[in-house]
Amino acid sequence: MMPAEATEPATITVIRRRVDYSEVDQMGVTYHARYLVWLDVARTEHLRTTGVTYRELEEMGLRLAVTEVQVRYRRPARYDDPVRVRVWVREIASRMVTFGYAIEHDESGVLLATATTSLAVLDATFDFARLPPAVAKRLVPIPDPVRL
């Protein structure tokens, strides 16, 4: 995987990778569950580019737990395809953050999949918690750059 990049300010983060052989199924296309891993990696990098890491959140006693995932598969990604995953914040509330994603073929720009994830803010005992204002301020919601 290549380093993440962000737009200015860090409203959209992009990660790039190639589809590994271990990620394809018997039909030669990327296994559907692998997309969830890519979403997680992109979301983690987005947090990092905005100035807060999962590790720092944990040190604050906070957790972000996925409560909902929606993926729309549009075209298959195949072994050795270069892909990019773009991620942004769609919505933010005191106890919830929703991210949007566009997974694209990195050379042709063809949209392969779109997704959203909603994450609840929890404390170390897994009770609902609030995002600290300094963290919430860094997670800037933007309009979806693609139709999800």
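Every heavy atom of this structure was used, including side-chain atoms; hydrogens, water molecules and symmetry mates were not. Positions are given from 1 along the sequence.
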Say you draw a straight line from [atom1] of [X] to [atom2] of [Y]; how long is it, rounded to the nearest 0.5 Å?
X	Y	atom1	atom2	value
Ile92	Leu119	CD1	CG	11.0 Å
Arg43	Tyr101	CZ	OH	4.0 Å
Ile15	Thr44	CD1	OG1	9.0 Å

Considering all heavy atoms of both residues, which atom of [X] and which atom of [Y] are nearest to each other, and what is their separation?
X	Y	value
Pro76	Asp81	O-OD2, 4.4 Å
Ala124	Arg63	CB-NH2, 4.2 Å
Gly51	Glu56	O-OE1, 3.7 Å

Should [X] and [Y] be regarded as members of a common hydrophobic cluster, given that ILVMFWY residues are connected when their side-chain heavy atoms come within less than 4.5 Å of each other, either directly or indirectly?
X	Y	result
Trp38	Val110	yes
Leu111	Ile103	no
Tyr73	Val19	yes
Leu39	Tyr31	no
Tyr35	Met27	no

With Asp127, which residues qualify under side chain to side chain contact (heavy atoms under 4.5 Å, CB included), at least two apart?
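Asp127: side chain to side chain contact (heavy atoms under 4.5 Å, CB included) contacts with Asp123, Thr125.
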Side chains of [X] and [Y]: closer than 4.5 Å at any heavy-atom pair?
X	Y	result
Met96	Ser118	yes
Glu68	Thr98	no
Pro141	Glu91	no
Leu148	Arg90	yes
Leu64	Leu57	yes
Val29	Val24	no
Val121	Ser94	no
Thr50	Thr11	no

Sequence neighbours excluded, which residues qualify as side chain to side chain donor-acceptor pair (under 3.5 Å) partners of [X]?
X	answer
Arg86	Glu104
Thr114	Arg74
Arg75	none

Val69 vs Thr117, test: side chain to side chain contact (heavy atoms under 4.5 Å, CB included). Steps then yes/no.
CA-CA 5 Å; Val69 176; Thr117 58; 4.1 Å; yes
Pair Glu107 + Arg84, salt bridge at N-O below 4.0 Å
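So Glu107 does not pair with Arg84 through a salt bridge.
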Give a yes or no on whether a salt bridge exists between Arg48 and Glu45, defined as a side-chain N under 4.0 angstrom from a carboxylate O.
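Between Glu45 and Arg48 there is a salt bridge, with a charged N closer than 4.0 Å to a carboxylate O.
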For side chain to side chain contact (heavy atoms under 4.5 Å, CB included), just list the numbers for Val85 and Arg17, CA-CA rounded to whole Å, side-chain angles, deciding distance to a tenth of an Å, and then say yes or no.
CA-CA 9 Å; Val85 181; Arg17 59 174 298 112; 5.6 Å; no
Quiz question: by atom type and distance under 3.5 Å, do the side chains of Thr13 and Thr49 form a donor-acceptor pair?
yes
From CA spacing to verdict: salt bridge (Lys or Arg N to Asp or Glu O under 4.0 Å), Arg18, Glu23
CA-CA 10 Å; Arg18 283 201 177 267; Glu23 296 176 310; over 6 Å; no
Applying ring-ring contact (aromatic ring centres under 6.0 Å, His included), name anything that partners Tyr54, two or more places apart in sequence or on another chain.
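ring-ring contact (aromatic ring centres under 6.0 Å, His included) check on Tyr54 returns nothing, list empty.
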Return yes if some donor-acceptor pair links the side-chain N/O of Thr30 with the main-chain N/O of Ala77 below 3.5 Å, else return no.
yes
Could you check whether atom CZ of Arg72 has more than 12 heavy atoms from other residues, nucleotides or ligands sitting under 6.0 Å from it?
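12 or below, so no.
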Sole candidate of Thr53, Leu139, Val87 that passes side chain to side chain contact (heavy atoms under 4.5 Å, CB included) when paired with Leu47
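Answer to the side chain to side chain contact (heavy atoms under 4.5 Å, CB included) test with Leu47 among Thr53, Leu139, Val87: Leu139.
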Output the rest of the hydrophobic cluster of Phe126: all Ile, Leu, Val, Met, Phe, Trp and Tyr residues reachable through side-chain heavy-atom contacts under 4.5 Å, sorted by chain and number.
Leu122, Phe128
